[in-house]
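Labels below follow one simple rule: chain letters A, B, ... track the order of the sequence lines, proteins then strands, and each chain is numbered from 1. Side chains are part of it too, since the values below use all heavy atoms of this structure and drop only hydrogens, waters and symmetry mates.
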Amino acid sequence: MFKKILIANRGEIALRIIWACRELGVRTVAVHSEADADSLHVKFADEEVCIGPARATESYLNISAIISAAEITGAEAIHPGYGFLAESAHFAEVCHACNLKFIGPDPEVIRMMGDKARARAAMDAAHVATVPGSGLVDTEEEAESAAEKIGYPLLIKATAGGGGKGLRLVTSRQELRRFLPQVKAEAGAAFSSDAVYLEKYLVGTRHVEFQVFGDEHGNLVHMGERECSIQRRHQKLLEESPSPALDDVLRARMAAAALKAANAVGYANAGTVEFLLDKNKDFYFIEMNTRIQVEHPVTEGVTGIDLVKEQLQVAAGEKLSMKQSDIVMHGHAMECRVNAEDPVTFRPCPGRITAFHVPGGPGLRVDTAAHADCLVSPYYDSMIAKVISRGNNRAEAISRMRRALESFIIEGIKTTIPAQLRILTDPDFIAGNFDTGFMTRYQDKPATPPGEASDSDRTAVPAV
Amino acid sequence: MFKKILIANRGEIALRIIWACRELGVRTVAVHSEADADSLHVKFADEEVCIGPARATESYLNISAIISAAEITGAEAIHPGYGFLAESAHFAEVCHACNLKFIGPDPEVIRMMGDKARARAAMDAAHVATVPGSGLVDTEEEAESAAEKIGYPLLIKATAGGGGKGLRLVTSRQELRRFLPQVKAEAGAAFSSDAVYLEKYLVGTRHVEFQVFGDEHGNLVHMGERECSIQRRHQKLLEESPSPALDDVLRARMAAAALKAANAVGYANAGTVEFLLDKNKDFYFIEMNTRIQVEHPVTEGVTGIDLVKEQLQVAAGEKLSMKQSDIVMHGHAMECRVNAEDPVTFRPCPGRITAFHVPGGPGLRVDTAAHADCLVSPYYDSMIAKVISRGNNRAEAISRMRRALESFIIEGIKTTIPAQLRILTDPDFIAGNFDTGFMTRYQDKPATPPGEASDSDRTAVPAV
Amino acid sequence: MPLSLKEIHDLIERISRSDFSCFELDHDGTKLKLERRSDGAMQIVAPVGAAPAAVAVPVAVTAPGAAPVNPVPVQAAPAPAEDLHEVKSPIVGTFYRSPSPKADVFVETGSRIKAGQTLCIVEAMKLMNEIECDVDGEIVDILIANGQPVEYGEVLFRLRINAA
Amino acid sequence: MPLSLKEIHDLIERISRSDFSCFELDHDGTKLKLERRSDGAMQIVAPVGAAPAAVAVPVAVTAPGAAPVNPVPVQAAPAPAEDLHEVKSPIVGTFYRSPSPKADVFVETGSRIKAGQTLCIVEAMKLMNEIECDVDGEIVDILIANGQPVEYGEVLFRLRINAA
C-alpha cells in the first residue's frame, strides 16, 4: 500500500478519500486554492499545499502545480476524485511520467471513453448495443442521409460534448439543417473539436448504470446497478439501488453487457457503464465514466464494500478483495444531492451557512464538507452534502430519506431540499413509475431534451 | 399503528424515537423540563409540553405530569426510552390504568426482572444457569453459612441495587462480617429495601448480552449478542457485535438460554438478557433489562433491523416483522459512548459546546442531540453522542471507529474521546483478548469490583 | 462609521440564538434595538442609521420541522407592564374557569382578588386542582380559554397588585 | 469594565478563524494583542488586565488529526513593519537561492535590488523558474531556507522599498 497520496480535489469527495486513507493507514496531502484555505479537507489532511488562486483553472485544474505539490511532499500517488482532472487522460499521463501513480484506469482507456465516437466503435466491436446512430457527419448531405436511416426524432451530438452542451434534439429534416451548423459552432468553441454525430432519440427511457471494478491482474466484477433517472437538465438529483425497473433476469443481462464493455478495454479500477433502458427492456450503452462517481455511496449502501478503499488497494497493485460471488446486495439505498440552489429555479445560491445540523439515526449517512459558519464558495460546484439512506426495502429507504431531509437544518442559504422532498412524496416516484422525463412535471419547459447521460460530476478539462 | 405517541425521555434516545415515529407516520409529543426547552427533541417533535423544572424528579420522573401531558395532547401510547421511568413497573401500570399503551413489556415482567432475587428464582425454575449464590440473607449467621457453601471471593448484593450501588466484593469471613451491615444500610437508604444476598465472584469474565424481541402473539426471536466487557466502574464505554469470544456453537447455546429466559416470563417487546461468560465457556444469567438499551444500534448495525420501529409495531399489537430465520448478521458493528467527562478521571464536565462537527462517510452513524452552541446540562446524564461504526469485519470496524473519533470535533467541553481512542489502539483490545477487568489497566485502583452488569442506562426510580 | 448591513445581520443572528429579551446598541451612527416577544420571536424595533428596511422583519427562531409558532397578536398578549403579577400553572393539565360546566366562573377580568382565593382549576389525571392566588390584586388578563390544555409554568393570569 | 475571560475567549476564537495577522484591543482596562505567525498559528503576545494567565498559551488553529504546527521562532519571522514589501511565490515548488549548488546566492539580506533582478529559483516539474523582483529596494528578510518546498502565495522575501 502507498505510504502517502495526494488528493487533487476539494469538498466532500476530498474528505471521503481522506477517510479511506485513514482507515488504510495512508498519509494524505490536501491541495487547495486560496479560497479553500479553511476548508475541512485541508484541516483533516496530514499535509496541505496551497496551489493557486480561487479560479479552478489556476488551482484545481493546474496540473503543474498539483504535480509539484506531490513532488515537494513526497506523495506516491494522486487520487483525482470526480470532476476537475478525474477524466483527463493528459493528467493521468503526466502523473505516470512523473512516477506518480494515477488512481484510476489507464490513460489510454480514459481517452478512448472520453471520445464518444471511439467509445461507440469499441462497444460495437465488443457487441455491446449502442443507441442507433451514425458515424461522424460533416456536411449537410452526410447528415441527411444518415438521418434517413436512423429516423426522427434524433439528437445531434458533439463527440467531445458533456454537461448538456453540444447536444440538440431535432424532429425533422428542416430542424436538422438548421441546427447542424449551430451545434458544430458551439462544440468548436466549447471543446476545441467540432466533430458531431447523430443518435436516435429514445422516448420514455431510464438511466441505469452499472458499477464495475477491475484490478491490474485481469479480475473484473460488477456491483449491481444504480437508477439515476431522476434528473433535471442532465443533473442527477436522486439515485438509488436497486432500480425499480429491473428484475433478476434483466439485471443479469445488463450486468453481463457492462462486464463485456469493461473487458473490451481491459478496464482496471472503478468505472461506471451507463445505459439507457427503454420500455421494451432493451438497453443501449451510452458512455463509460472512468472514475469514482458522486453516487458511489448508493452502491456502498447495498454491498457493504468501501469503493474508495478498493480503489486505493487496486491502484497499489493488489488484487480485488472480493470475487463476483462474494458480492451480495442487501436492502435498498438512496442518495439525495443537497445543492446550494434555489429549489424552484435551481439557480446556485452561494453564501454563508449560519446553522448546520446533520440528521442521525439508523440507516443514514451524510457526506459533506460543509459546517456551521462556512462559506459556500461561488467558485465551485454547488453540491454541499449527500444524504444516503438505507432500508430493508425501497419503502423504508424512502421514509428514512424523507425524515432525514426534514430534519437536516441548513440556515443562511437556500438548498434543493424542498425539491427533493417533493420528489419523495410524488406518487409516481413512490410507485417506481418514472423515466428521465420525470422532472419536467416540475418545470415549465425543458431547455434541452430530457434523458440520458448526466455529466454533472464531469468538469470540462481545458487543454493544459 | 398509533396515530400519536408521547416520548417520556430527553436527549439522543428521544430523538431516536422521533426518527422511528416519522418513518412510521406516527405523530410525536415531546415532554421537557424547563432546562430543556431549547433541546432538539423539543424542536423535532410535532408537539411539546413543559412538564416541570430542571430536576428530573420533578419533570422526567414526574409520572403525574407525564400522564397529564399525554392526556391533554391525546397521545395513545408512551415510549419511555432508557433510564428515567423505563423500568418502573409502577409507571407502566399507571399508563395502562389511564388507557395509555406503555411501549415495553408487561408491568409484572418489569417488576419481576427488577427484583434480583425473584428474577433468579424464575431463571432457576426455567433451568437457566445463574451465578452460584444464596437466597436472601438477613443475619450474620445466615450469611456466613451461605458463604461457606459458595466459597470466597463473593459479592454482597442488594436485591434492589443498580449502578454499582448496593454491591461489595468480600474475600474473607472477616470482610463479610464487616461489610454486611454496611451494604444493608446503604441499600436501605438508596432503594428503600435492605434485602441482600450473596453471589460467587467470578474472575476473568466477559459481559455478553443477547437482544431478544417478543410480540403479543407468542412469537419470540433473538438478534444475536453484544459484547460489553469494556466497562469502567460498571459504565459501559464500548460495545460490539459479534463478540470476539463466541463461536457459532457457543452463540447457539447462549441464544437458546436467552430465549428460554425470555420465554419463561412470556416476554413481549425488546429486552436484553445479560450473561457473564467465563474462560471455560460457561455462562450465567445475571439480569434481564426490560427496555431498549443504549447500545441497541450495535444490533441494528449487524442485522439491519430498526429496533425502535419494531418496538412501536409490536406495542401496537402487530406481529414481529421477521422470523428467526430471517435474521442474518452481516459484518461487525461497534459503538463508542462519547461522554462529557474528563478522559482521565471520568468526572462529568458539563458546559457549552462551542464547535460540533460529526464525522461522516461510509459505515458510520452518530446518534446525538448535541449541536454547536448547546449547553450540556449538569442535571442529566453526561452522554452527548453515540458513534457507531460498521465494517465487513472487526478490523474494519475498529479502523473506521478510530478515524471517526479522530475527526469528531467537539470544542468547549472535555469528552471521553481520548480514552476511547486509547482503547481502540490497545493491542489486547485489537486482538479481542479482554474481560471486564480490561479498564483497570488505565486506572490506579478500582473502587468497586470490576465485572458484570453495567447499569449506566438504568436510573434509580424513586417511589412516586 | 455606522455598521454595515452584514454586521447588522450578524448581530441579529447572534442575538436570535441567544436568550436575551432585549438588545440595544448605539454605535457611531447606528442605533439598533431588538426585543423578544413572549412567543420567542425577535422583533426589530428600531433599526436606524445604516440598517436598511429589508431587515425589519420578525426573525422566527425555529428549526425546520418544528411546530409552527403561533404569533400571538400584540393586543391579546401585551407585554406585562412592570407592575403586573403573573400566576403560572404549577402542573400540566386542563384549565377550567369554573368548578363545574354550569357553575359561574371563579374570576373575571376586573375581579378584585384576595390572596388564597381560587382563580381556576387545572385538571390532571382526573384530579381537580384548585389554583389559588398568591397576592391581593385585580385581574387584568386571563390568558387561557376554558377547557384548554396548559403546560408547567404557563402564565394563566396577570394581576395588578394592590397598592400597599 | 474590563472584558470577561469568556469575552476574551470569544475574541480569540473569532480572530483565530479570521485571516488577520494582527489584532490589538485597548478596552477599559483590558489590553489584548494577537499576532499571527507565518505558519498560521496565533500567538497571544500581551494579555493584560482581566485576562488570566491561563489563556496565555499559543492557540494552534488546527483540527484534531491535522499535521502538527512547527512553531517558527518570533525572531525568524517578525511581523512586517508597515513599509515592507513582500515577494510571494507565484508557483508551488522547491526554493533555491542560487542558480546551481556551487554558484553564489542571488541575493543576501541587505542586498540592494533593482526591479527585474532575479531573487531566487523555484523548481517545479524539473523546470527552474527564476523569480524576479517587482520593486527597487533592500532585502530585509529571506523567509525560506535553500532547498525547502514553497506553496503558492508563500512569502519568500521582504524588502524595504527605496524612498522615492
Side-chain angles (χ1 to χ4, degrees), chain A residues 4 6 8 15 18-19 21-23 27-55 58-60 62-75 91 94-95 97-100 352 369 371-375 464, chain D residues 9-21 36-42 59-70 86-97 120-131 143-156:
Chain A
K4 190 194 281 186
L6 181 142
L15 270 184
I18 291 173
W19 304 151
C21 288
R22 287 204 173 194
E23 291 180 24
R27 288 179 63 81
T28 51
V29 179
V31 295
H32 65 91
S33 71
E34 288 183 318
D36 279 342
D38 293 329
S39 296
L40 288 189
H41 79 282
V42 176
K43 290 202 193 297
F44 284 121
D46 295 303
E47 297 174 51
E48 49 101 353
V49 179
C50 179
I51 52 167
R55 271 172 55 104
E58 295 174 49
S59 49
Y60 298 107
N62 181 341
I63 291 181
S64 146
I66 291 167
I67 299 284
S68 294
E71 286 178 343
I72 65 173
T73 54
F91 178 61
V94 173
C95 286
C98 295
N99 275 320
L100 293 160
R352 186 166 294 277
H371 53 91
D373 203 35
C374 87
L375 196 68
V464 182
Chain D
H9 279 164
D10 277 352
L11 277 171
I12 291 171
E13 177 61 28
R14 211 167 289 279
I15 304 302
S16 287
R17 274 187 273 135
S18 79
D19 56 2
F20 297 123
S21 59
R36 192 183 299 272
R37 297 176 311 197
S38 60
D39 59 357
M42 296 294 300
V59 181
V61 190
T62 52
V69 171
N70 296 314
E86 296 183 338
V87 176
K88 296 178 181 177
S89 180
I91 54 172
V92 180
T94 306
F95 175 85
Y96 292 110
R97 293 190 51 195
C120 65
I121 280 172
V122 177
E123 179 196 347
M125 295 186 76
K126 319 290 173 220
L127 283 177
M128 300 297 168
N129 303 279
E130 296 193 345
I131 308 300
L143 289 100
I144 312 289
N146 192 56
Q148 289 302 301
V150 292
E151 296 184 291
Y152 172 86
E154 196 161 354
V155 178
L156 307 175

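- Rounding to the nearest 0.5 angstrom, the gap separating the NE2 atom in A:H371 from the OG atom in A:S39 is 7.0 Å.
- The shortest non-hydrogen separation linking A:I63 to D:M125 is O-SD, 4.5 Å.
- The aromatic rings of A:H41 and A:Y60 lie tilted to each other, with the angle between the two planes from 30° to 60°.
- Under 3.5 Å, the side chains of A:N62 and D:Y152 contain no donor-acceptor pair of N or O atoms.
- The candidate with the highest count of non-hydrogen atom pairs below 4.5 Å against chain D, out of A:C50, A:A37, A:P53, is A:C50.
- Within the 4.5 angstrom heavy-atom criterion, only side-chain atoms of A:E34, from C-beta onward, approach chain D.
- With a 4.5 angstrom heavy-atom cutoff, A:V94 touches chain D only via side-chain atoms.
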